[in-house]
Structure formats: structure tokens, C-alpha cells
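A quick write-up on the structure given underneath.
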Amino acid sequence: MPGKVIMGAQWGDEGKGKFIDIFASRADMVIRSQGGNNAGHTVVVGSETYKLHVIPSGILYKNCVNIIGPGVVVDPGVVLAEIDGLKNRGISTDLLYIDPRCHVIMPWHIALDALSENSRGKSDIGTTKKGIGPCYMDKAERSGIRMHDFINPEKLKKAVFEAGARKNEIITLLYREKPLDLNEIYETSLALADKLRPYVRDTSILSFDAVKSGKNVLFEGAQGTLLDLDMGTYPFVTSSHPVTGGACIGSGVGPTAINECLGVAKAYTTRVGKGPFPTELFDETGDAIRERGFEYGTTTGRPRRCGWFDSVIVRYSVRVNGLTELILNKIDPLSGLKSLKICTAYKINGKTVYEFPADFTELEGCEPVYEEFPGFSGDISSVRAYSDLPREVKSYVEAVEDLCRCPVRMIGVGPSRDSVVYR
Ligand code: GDP
Ligand code: IMO
Ligand code: MG
């Protein structure tokens with residue numbers, strides 16, 4: 001079993017961290033290939049909860065190599081704080097490597113993320129304000145600072161004063177704010193670079209060797225398909241490629257290394273930040289799902305918008321990711337609801353639409369078409385065999401796989417590592 005990608009099939013926070021951790025018990029390597037610390041991946045082991053932002057979710061296994069691949073944008077302070085936090089809890093980071101090609105999130109990226117969001121007013125995207133978009137903008141514009149430069153004091157100095165001066169012009173002239181103190185940024189960066197240097201290593205060689213020798217390699221998606229820069233609900237997206245194809249680009253591993261593409265979807269839908277969400281609930285059912293599922297952002301703490309499962313978007317994810325399997329996570333929070341609904345299509349101007357449109361503004365005035373299912377009750381978090389699940393849960397799961405045209409192989413019934421029903 002060489003390469004397996006685990007990707008979010010909705011708008012992020014589907015439970016990717018939990019499943020990477022589960023698969024990592026048999027993996028030799030876990031690779032993050034896109035995004036940065038906009039991600040928040042939760043792993044629950046017994047009474048311990050780990051919230052990982054940049055470090056791959058295989059880090060809890062001491063023999064697993066964890067790679068921050070070339071496509072990830074890295075905030076040096078955040079990754080070092082995460083390393084310290086893990087070490088303080090007795091978790092080794094000896095097998096953690098950061099690719100020298102990673103672009104570095106600098107203080108001006110964070111400042112510009114906030115300034116740009118504020119200047120958009122009501123048309124803001126609702127970003128995590130972690131500097132992700134501005135950092136990827138510099139990468140695409142070919143003016144970013146890569147990790148190999150960041151850890152080289154002379155190159156760092158040149159980069160900070162040149163790039164920083166240009167950004168200060170934008171901050172002062174366009175946004176009329178105070179300039180950033182570049183001397184202070186340089187001094188702080190030097191200290192961070194010293195601590196990061198031992199982790200920096202050409203990971204494309206490590207991942208190539210792992211794949212070539214038949215090791216088990218997991219590609220950990222961050223965000224989710226509908227947040228993809230091309231395939232998502234643009235412009236309400238992130239600035240990277242959270243689709244299975246992105247795993248290759250962002251790791252420097254060719255597509256022949258991947259033979260399984262797994263999509264994680266919640267049994268309902270959530271989204272943080274702005275943008276279209278056809279099945280969003282604004283009533284007490286939406287509130288009930290938020291409270292039972294504890295739907296608050298792992299990174300920003302923002303309440304997540306909640307709604308019914310939308311098979312139009314997950315079917316779209318199955319198609320654009322080439323998913324071989326679906327994992328239907330977080331079905332337990334639906335317990336206690338009288339009935340459950342799945343969106344099968346949208347009604348737009350009297351027409352029934354089954355495909356998610358390229359231009360989401362076509363969704364304006366859209367009404368989701370729902371199929372209704374009987375609800376279930378009781379605590380299902382200790383169920384481990386599919387046959388032991390309530391009949392209503394099984395028909396819901398089977399409807400999901402029919403509508404999404406992809407088999408559901410695993411079902412999440414609780415936050416912890418072992419709260420999974422395998423089929
Ligand atoms: P990720 O970003 O995709 O890794 O997901 P997050 O960690 O941001 O959000 C998922 C949340 O749901 C976390 O708080 C998890 O601990 C929790 N969770 C994961 N799986 C389940 C499940 O099957 N049931 C319940 N109730 N909670 C779950
Ligand atoms: P994980 O990996 C959910 C959303 C933000 C915003 C949009 C753009 O935990 O699933 P950005 O800061 O990336 O420029 O914000 O993307 N977003 C996420 N939503 N889960 C995430 O990651 C997200 N990462 C970014 O809320 O709407
Ligand atoms: Mg998350």
C-alpha cells in the first residue's frame with residue numbers, strides 16, 4: 001500500500017486529523033502538502049486532545065516520519081510553538097522535516113491579511129487572518145521568502161529589508177497604517193531560524209525514497225475541496241489546492257505514487273467564514289447540530305455555520321478528487337433529531353440542478369431539494385460493528401453512498417481514535 005490521500009470533501013473540519021492519526025498507526029510517513037496554520041486538526045487519544053495546525057497528524061507515532069512538504073506555507077513562530085507544545089507533552093519531533101522550498105509566512109503577511117479583509121468591509125472572505133493568502137500571493141508573484149533563505153542569515157537580512165520595505169509601502173501608502181519595524185522582524189526571525197534549521201531537509205528525496213521502497217505513505221489534506229482555489233466557491237476559498245491532485249504538487253511526489261483517494265465528509269455540513277452554503281440552517285436544528293457536534297473552529301474559535309448533508313457538493317468532491325472511498329464522520333451529533341434531511345439537488349428558477357455550478361452566484365435563490373429520513377436516538381459512540389448501528393443510521397449511510405456514488409467504508413461515531421465503525 002504505497003500512497004493514500006485523505007482529503008476534506010466539504011468546506012474543511014471534516015475530521016481529517018482523526019483519520020490521519022488512525023491510518024498513521026500503520027504508516028511510515030505522513031505528508032502535509034498545502035495550506036498552513038489556517039488548518040486545525042484535532043486528534044483525541046483517551047483523555048488527551050491534540051490540536052495540530054502545521055505539524056502532520058502522524059506525529060503521535062514515534063516511528064512515523066512527518067513531513068511539511070514544499071507546498072505548505074510555514075509561520076516559523078507557530079511551527080516552533082507547536083513543536084515545543086508537543087515536546088512538553090512527551091511527543092518526539094525527531095522525525096519531523098520541513099522542506100526548504102516552503103514559503104515563509106512573515107509578519108507583513110499577517111498584517112496584510114487583516115488589512116485586506118478590513119478594507120473589503122462586508123465583502124470580506126472571512127479568512128483565518130493567519131497570513132495565508134498574502135503569503136501564497138507572494139509565492140505566485142515570485143517575490144516570497146522560502147525556508148532555505150529564511151535559515152541563511154545573510155539571505156534573510158536581504159530578504160527582510162527588501163521585501164519588508166515593499167510591504168511597508170503598501171501598509172503606509174495604501175492602508176495608511178504604521179510601517180512594520182524591519183529591524184525587529186529581522187532580529188526575531190534570526191532567532192527563529194536558528195531553532196528551525198535542524199528540521200529543514202529536502203523532503204522530496206525522503207518521500208521519493210519512501211514511495212520507491214514500498215513504504216506506507218499518507219498525504220494529509222488540509223481545508224476541503226470546496227475551499228480549493230480553482231474548484232471551490234471562488235472567491236470564498238483558501239489560496240491553495242485542497243484536492244487530491246494538490247497532494248502531488250505540494251509534496252513533489254508524482255501521481256503514480258498514489259493509489260487510494262479517501263474523502264472525509266461530515267454526516268451534515270459545516271463552513272466557517274463567508275460564502276455560499278445552500279443547506280445552511282438558521283433555526284434551532286442548526287443550533288442543535290452546532291452544540292452537539294461542538295462546531296467551533298479549531299484555529300479561530302469561530303462558531304461554524306451548520307446545515308444538512310449536501311450530496312451535490314460531496315458528489316462533486318467524489319468527481320473532482322477521483323475518490324475511491326468516503327469516510328462519513330460525525331454521525332453521532334445527529335442523534336436525537338426527529339428526522340434527518342439530505343440535499344439531493346437544487347431547484348434554481350424552476351429547474352432541478354444536480355451538478356454544483358462553476359459560478360456559485362447561479363445558486364442565488366436556490367432551494368435545496370431534500371430527501372427526508374427518520375431520525376435515531378441514543379448514544380451510538382460505543383458501537384463498533386455496522387450491524388449494531390440503529391437501522392435508521394444504516395439507511396442514512398446507504399443513502400449517502402448512493403447519492404454520492406462512492407462507497408462509505410468508515411463511519412465516525414465519536415471524537416476519539418477508536419470511535420469508528422468499519423464496514
Ligand atoms: P479537521 O480539520 O478535518 O481535522 O477537523 P477538526 O479537528 O477541525 O474538527 C473536527 C472536530 O470534530 C474536532 O473537534 C474532533 O475532535 C471532532 N470529531 C471528529 N470526529 C468526530 C466524530 O465522529 N464524532 C464527534 N462527535 N466528534 C468528532
Ligand atoms: P482544516 O484543515 C475550515 C477557510 C476560512 C475562510 C477561507 C479562507 O482545519 O479543515 P484562509 O485563512 O485560508 O485564507 O481563509 O478558508 N478555512 C478553513 N475552514 N477548515 C480549515 O482547515 C480552513 N482553512 C481555511 O475560514 O473561509
Ligand atoms: Mg479543522
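Counting starts at 1 for both ligands and their atoms, following the listed order.
- Closest to atom 12 (O) of ligand 2 among all protein heavy atoms lies T128 OG1, 2.6 Å.
- Looking from atom 15 (O) of ligand 2 to the surrounding protein, the closest heavy atom is T127 CA, 3.3 Å.
- At the top of the distance list for atom 4 (O) of ligand 1, counting protein heavy atoms only, stands G17 N, 2.9 Å.
- In terms of protein heavy-atom proximity, atom 18 (N) of ligand 1 is nearest to P415 CA, 3.8 Å.
- Polar contact with ligand 1: absent for G12 (N/O pair, distance under 3.5 Å).
- A donor-acceptor pair shorter than 3.5 Å can be found between the side chains of S339 and E372.
- Of the protein's heavy atoms, K330 NZ, 3.9 Å lies nearest to atom 17 (C) of ligand 1.
- For atom 17 (N) of ligand 2, the nearest non-hydrogen atom of the protein is L227 CD1, 3.8 Å.
- For the residues R304, M7, H41, the heavy atom positioned nearest atom 9 (O) of ligand 1 is part of R304.
- For T225 and N321, the side-chain atoms include at least one donor-acceptor pair closer than 3.5 Å.
- Remark: aromatic rings of F294 and Y296 are close, center separation under 6.0 Å.
- In terms of polar-atom proximity, S239 is not counted as a contact of ligand 2, lacking any N or O under 3.5 Å from an N or O of the ligand.
- Between Y370 and W308, the ring-plane angle classifies as perpendicular under the 30° and 60° cut-offs.
- Residue D13 holds the heavy atom nearest to atom 21 (C) of ligand 2 of all those in I132, D13, I125.
- Of all protein heavy atoms, the one closest to atom 6 (C) of ligand 2 is G126 O, 3.2 Å.
- Counting non-hydrogen atoms of neighbouring residues, nucleotides and ligands closer than 6.0 angstrom, the OH atom of Y386 exceeds 12 such neighbours.
- Remark: E260 does not engage R409 in a salt bridge, criterion side-chain N to carboxylate O under 4.0 Å.
- In terms of polar-atom proximity, P333 is not counted as a contact of ligand 1, lacking any N or O under 3.5 Å from an N or O of the ligand.
- Nearest protein heavy-atom neighbour of atom 15 (C) of ligand 1: T42 CB, 3.9 Å.
- At a cut-off of 2.8 Å, G40 is counted among the residues with an N, O or S atom near the Mg ion (ligand 3).
- For K130 and D113, the salt-bridge test fails: no basic side-chain N is under 4.0 Å from an acidic carboxylate O.
- Taking any N or O of K129, backbone or side chain, none lies under 3.5 Å from an N or O belonging to ligand 2.
- Regarding atom 1 (P) of ligand 2, its nearest protein heavy-atom neighbour is Q223 N, 3.5 Å.
- A heavy-atom separation below 4.0 Å is found between G414 and ligand 1.
- Closest to atom 20 (N) of ligand 1, if we only count protein heavy atoms, is N329 ND2, 3.0 Å.
- The shortest contact between atom 10 (C) of ligand 1 and any protein heavy atom is with D13 O, 3.8 Å.
- The closest approach between any non-hydrogen atom of G40 and ligand 1 is below 4.0 Å.
- When hydrogens are left out, the protein atom nearest atom 13 (O) of ligand 2 is T238 OG1, 2.6 Å; that is the closest non-hydrogen contact.
- Considering only non-hydrogen protein atoms, atom 24 (N) of ligand 1 sits nearest to D332 OD1, 2.8 Å.
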**Q.** Intermediate values then yes/no, side-chain hydrogen bond (donor to acceptor under 3.5 Å, both in side chains), T93 and Y199
**A.** CA-CA 9 Å; T93 55; Y199 293 98; 3.2 Å; yes
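- In terms of protein heavy-atom proximity, atom 27 (O) of ligand 2 is closest to V272 O, 3.1 Å.
- For ligand 1, one of its N or O atoms has an N or O atom of K18 under 3.5 Å away.
- Y346 has its ring centre no less than 6.0 Å from the ring centre of Y354.
- Only the backbone of V413 comes within 4.0 Å of ligand 1, judged by heavy-atom distances.
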